[in-house]
**Student:** 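Dumping the structure here so I can ask a few things about it.
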Amino acid sequence: MFDREALSLPAVEVAPLLLGSLLSVDSPEGRVVLRISEVEAYHGAQDPGSHAFRGRTARNAVMFGEAGHLYTYFTYGMHTCANVVCATEGTASGCLLRAGEIVEGVEVARSRRASSRVDADLARGPGRLCVALGITLADGGADLASSRVRLELARQPSPYETSARTGVSGAGGTDDFPWRFLIPGDPTVSPYKRHVPKRRNTSLG
DNA sequence: TGGGCGATTGTCT
DNA sequence: GACAATCGCCCAA
């Protein structure tokens with residue numbers, strides 16, 4: 001079921017509800033359904049890891065809007081990442097979808113993710129997840145209750161673990177924000193990687 | 001108006 | 001284990 005009221009809680013409280021939930025995406029190639037196994041919470045202007053840390057901009061406006069919508073963004077010049085918008089309007093809160101298991105439409109996902117040797121890698125990582133599901137920037141702002149991207153919350157909460165967020169630079173990636181939620185032992189959970197400072201001009205020195 | 005950098009991934013060693 | 005690829009956003013001036 002889709003429950004906008006449940007999604008209107010802060011991202012930290014919504015994240016556990018998303019684990020084990022189903023995200024389905026319809027396209028001409030067919031439907032792909034993902035069972036979510038890993039998410040990260042980003043909440044409020046006080047969260048140094050959030051895109052909304054420096055306030056509202058045209059790019060992150062969707063995160064300030066109504067819960068239950070999709071916030072997509074483009075990063076590293078090539079990757080799309082998807083978030084479920086949480087909390088009430090005016091509060092920037094969202095859960096980044098990091099990984100999951102394809103439970104329907106595996107053939108379609110495989111055709112989009114030709115480089116994946118095993119099915120567990122099809123949606124292991126936020127960029128891969130979007131490719132496998134066919135989510136693009138054009139899906140940003142979509143209502144997860146009525147668009148081609150739909151969210152079905154798990155009937156029963158999954159057991160979960162928390163840890164520091166992956167790949168987040170600065171204070172937001174420390175243990176002060178253990179806002180990464182995952183289903184322990186799930187083969188589709190992405191490997192933990194602490195943020196690596198950007199290496200540029202490495203020839204110096 | 002210009003420059004630096006990012007909620008990453010695939011490939012090569 | 002290490003690095004290149006690649007482009008839009010955001011800050012500073």
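Chain identifiers are assigned alphabetically (A, B, ...) following the order of the sequence lines, protein sequences preceding nucleic acid strands; residue numbering begins at 1 within each chain.
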**Student:** Answer with yes or no whether A/Tyr76 presents, from its side chain, a donor or acceptor under 3.5 Å of a partner atom in the base of C/dA5.
**Tutor:**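 Result: no qualifying N/O pair found.
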**Student:** Any side-chain to backbone donor/acceptor pair from A/Thr162 onto A/Arg180? Under 3.5 Å, distance only.
**Tutor:**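 No: the side chain of A/Thr162 does not pair with the backbone of A/Arg180.
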**Student:** Could you please name the option among B/dT9, C/dC10, B/dT8 that lies closest to any side-chain atom of A/Arg59?
**Tutor:**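 For the A/Arg59 side chain, the nearest candidate turns out to be C/dC10.
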**Student:** Does A/Arg113 place a side-chain N or O at less than 4.0 Å from the phosphate oxygens OP1/OP2 of B/dG10?
**Tutor:** yes
**Student:** Minimum heavy-atom separation for A/Ser21 and A/Leu153, please, with both atom names.
**Tutor:** OG-CA, 3.3 Å
**Student:** How long is the line joining NE2 of A/His79 and P of C/dG8, in whole Å?
**Tutor:** 14 Å
**Student:** Under the side chain to side chain donor-acceptor pair (under 3.5 Å) definition, can you give me all pairs with a residue in residues 138-152 of chain A, not counting sequence neighbours?
**Tutor:**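 Qualifying pairs, neighbours excluded: A/Arg4-A/Asp143, A/Asp139-A/Arg148.
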**Student:** Taking all non-hydrogen atoms of both residues into account, name the closest pair between A/Phe64 and A/Gly55 and its distance.
**Tutor:**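 Of all heavy-atom pairs spanning A/Phe64 and A/Gly55, the closest is CZ-C, 4.0 Å.
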**Student:** Any base atoms under 4.0 Å from A/Arg180, or only sugar-phosphate, or nothing? Heavy atoms, all strands.
**Tutor:**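 Nothing, no nucleic acid heavy atom in range.
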**Student:** Write down the distance between OH (A/Tyr73) and P (C/dC10), rounded to a whole number of angstrom.
**Tutor:**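 Whole-Å distance recorded here is 13 Å.
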**Student:** For A/Glu107, which residues count as a side chain to side chain donor-acceptor pair (under 3.5 Å) partner, sequence neighbours excluded?
**Tutor:** A/Arg110
**Student:** Using modelled atom types only, decide if a donor and an acceptor are shared between the side chain of A/Arg113 and the backbone of A/Leu122 within a distance under 3.5 Å.
**Tutor:**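 Yes, the answer is positive, given that a donor and an acceptor are paired below the 3.5 Å cut-off.
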**Student:** Could you tell me the separation between the CZ atom of A/Phe181 and the P atom of B/dA7, rounded to a whole number of Å?
**Tutor:** 19 Å
**Student:** Report yes or no: does A/Asp186 contribute a side-chain atom to a donor-acceptor pair with the main-chain N or O of A/Thr188 at less than 3.5 Å?
**Tutor:**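 At least one qualifying donor-acceptor pair exists.
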**Student:** With sequence neighbours left out, what residues match A/Asp47 under side chain to side chain donor-acceptor pair (under 3.5 Å)?
**Tutor:**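 In terms of side chain to side chain donor-acceptor pair (under 3.5 Å), with neighbours along the sequence ignored, A/Asp47 is linked to A/Arg165.
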**Student:** Please list, by residue number, the residues of residues 85-99 of chain A whose heavy atoms come closer than 4.0 Å to an atom of DNA chain B; answer none if no residue qualifies.
**Tutor:** A/Leu96, A/Arg98
**Student:** Does the side chain of A/Ile183 reach to within under 4.5 Å of the side chain of A/Tyr160, using non-hydrogen atoms?
**Tutor:** no
**Student:** Using whole Å, what does the distance between atom P of nucleotide C/dA4 and atom CE of A/Met78 come to?
**Tutor:**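 From A/Met78 CE to C/dA4 P: 12 Å.
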**Student:** Mind running side-chain contact (heavy atoms from CB on, under 4.5 Å) on A/Val108 and A/Ile102 for me, showing each step along the way?
**Tutor:** CA-CA 10 Å; A/Val108 176; A/Ile102 306 291; over 6 Å; no
**Student:** Name every donor-acceptor pair, under 3.5 Å, that has one atom in a side chain of residues 87-98 of chain A and the other anywhere in the protein, sequence neighbours excluded.
**Tutor:**
unit_1, atom_1, unit_2, atom_2, d
A/Ser93, OG, A/Ala11, N, 3.0
A/Ser93, OG, A/His43, ND1, 2.6
A/Arg98, NE, A/Glu38, OE2, 3.0

**Student:** Considering residues at least two apart in sequence or located in another chain, which fulfil the side chain to side chain donor-acceptor pair (under 3.5 Å) criterion with A/Glu29?
**Tutor:**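 If we apply the side chain to side chain donor-acceptor pair (under 3.5 Å) test to A/Glu29, skipping adjacent residues, the hits are A/Arg112.
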**Student:** What residues in residues 115-138 of chain A put a non-hydrogen atom under 4.0 Å from any atom of DNA chain B?
**Tutor:** A/Ser115, A/Gly125, A/Pro126, A/Gly127, A/Arg128
**Student:** Applying side chain to side chain donor-acceptor pair (under 3.5 Å), name anything that partners A/Arg31, two or more places apart in sequence or on another chain.
**Tutor:**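 For A/Arg31, the residues satisfying side chain to side chain donor-acceptor pair (under 3.5 Å) (neighbours in sequence not counted) are A/Asp26.
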**Student:** Sequence neighbours excluded, which residues qualify as ring pair (Phe, Tyr, Trp, His ring centres under 6.0 Å) partners of A/His51?
**Tutor:** A/Tyr73
**Student:** Under 4.0 Å from any atom of DNA chain C, heavy atoms only: list the residues of residues 163-175 of chain A that qualify, in numerical order.
**Tutor:** none
**Student:** Is a side-chain donor or acceptor of A/Ser50 paired with a backbone partner of A/Gln46 at a separation under 3.5 angstrom?
**Tutor:** no
**Student:** Starting at CZ of A/Arg54 and ending at P of B/dG6, how long is that distance when rounded to a whole Å?
**Tutor:** 10 Å
**Student:** Is there a side-chain polar atom (N or O) of A/Thr75 under 4.0 Å from OP1 or OP2 of B/dA7?
**Tutor:**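 Checking A/Thr75 against B/dA7: no side-chain N or O falls below 4.0 Å of OP1 or OP2.
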**Student:** For DNA chain B, which residues in residues 41-53 of chain A have a heavy atom at a distance below 4.0 Å?
**Tutor:** A/Tyr42, A/Gly49, A/His51
**Student:** To the nearest Å, how far apart are A/Arg112 CZ and B/dG10 C1'?
**Tutor:** 20 Å
**Student:** Rounded to whole angstrom units, what separation is found between the NZ atom of A/Lys193 and the P atom of C/dG1?
**Tutor:**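 Going from NZ in A/Lys193 over to P in C/dG1 covers 12 Å.
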**Student:** Determine whether A/Leu144 and A/Val84 make a side-chain contact, defined as any pair of heavy atoms from C-beta on separated by less than 4.5 Å.
**Tutor:** yes
**Student:** Report the stems of DNA chain C as range-with-range entries sorted by first number; a stem here is at least three consecutive pairs, Watson-Crick or G-U wobble, both distances under 3.5 Å, and write none if there are none.
**Tutor:** B:1-6 with C:7-12, B:8-12 with C:1-5
**Student:** Going hydrophobic residue to hydrophobic residue with side-chain gaps under 4.5 angstrom, can you get from A/Val14 over to A/Ile36?
**Tutor:**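 Yes, same cluster.
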